[in-house]
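Report on the following structure.
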Amino acid sequence: EMCIRDRWYQRRVHGAICYSLGNVLSLVGTSFLTGPVKQFKNMSDPKRLYTSLTYLGAMILTLVSALYLQKGLLVIIFVIVQFAAYVWYVLSYIPYGQECAKKVFKSAMSSENTA
């Protein structure tokens, strides 16, 4: 009989796998719309390169952590990194999106320090 901890872990791992595969499908979908060469050029643009590599790396590491290493904490960490990299990647397509996000984040951090 499975203990509660094992069931909790399996649900989280299943969710992380689905999340990562959904992100892969999203990239395949945009590649289909823009063409694979243009998608690759967009992702390797200097202002997106590190974010793209982080995003792809986090997807791979999430799947490796979930399927092979079976380390729940690593799965959670890589899903968080994956999400943050995805948000930053999307913001790179919005004019001044990353700059605006930086200002909001800095403002939130400075208001927390003064409170």
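Computed over heavy atoms, backbone and side chain alike; hydrogens, waters and symmetry mates excluded.
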Working to the nearest 0.5 Å, report the span between [atom1] of [X] and [atom2] of [Y].
X	Y	atom1	atom2	value
T30	K38	OG1	NZ	11.5 Å
Y19	H14	OH	NE2	15.5 Å
T62	I80	OG1	CD1	10.0 Å
L91	K102	CG	NZ	11.0 Å
L25	C18	CG	SG	11.5 Å

Out of curiosity, does V24 fall in the hydrophobic cluster containing Y86 (side-chain heavy atoms, cut-off under 4.5 Å, transitive links)? yes
In terms of hydrophobic clusters joined by side-chain contacts under 4.5 Å, are V13 and L21 together?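 Shared cluster, yes.
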Taking all atoms of both residues into account, what is the closest heavy-atom pair of [X] and [Y], and its distance?
X	Y	value
A16	V79	CB-CG2, 3.7 Å
L74	S65	CB-OG, 3.7 Å
I17	A66	CG1-CB, 4.0 Å

Quick one: does any side-chain atom of [X] pair with a main-chain N or O of [Y] as donor and acceptor, under 3.5 Å?
X	Y	answer
S92	Y89	yes
S44	F40	yes
S31	L27	no
Q39	T34	no

Around atom OH of Y96, are there more than 12 heavy atoms of other residues, nucleotides or ligands at under 6.0 Å? no
Run the ring-ring contact (aromatic ring centres under 6.0 Å, His included) test against F105 and tell me which residues pass, sequence neighbours left out. none
Side-chain donor-acceptor pairs of residues 52-59 under 3.5 Å, sequence neighbours excluded:
from, atom 1, to, atom 2, distance (Å)
S52, OG, M43, O, 2.9
S52, OG, R48, O, 2.9
T54, OG1, Y50, O, 2.7
Y55, OH, N23, OD1, 3.4

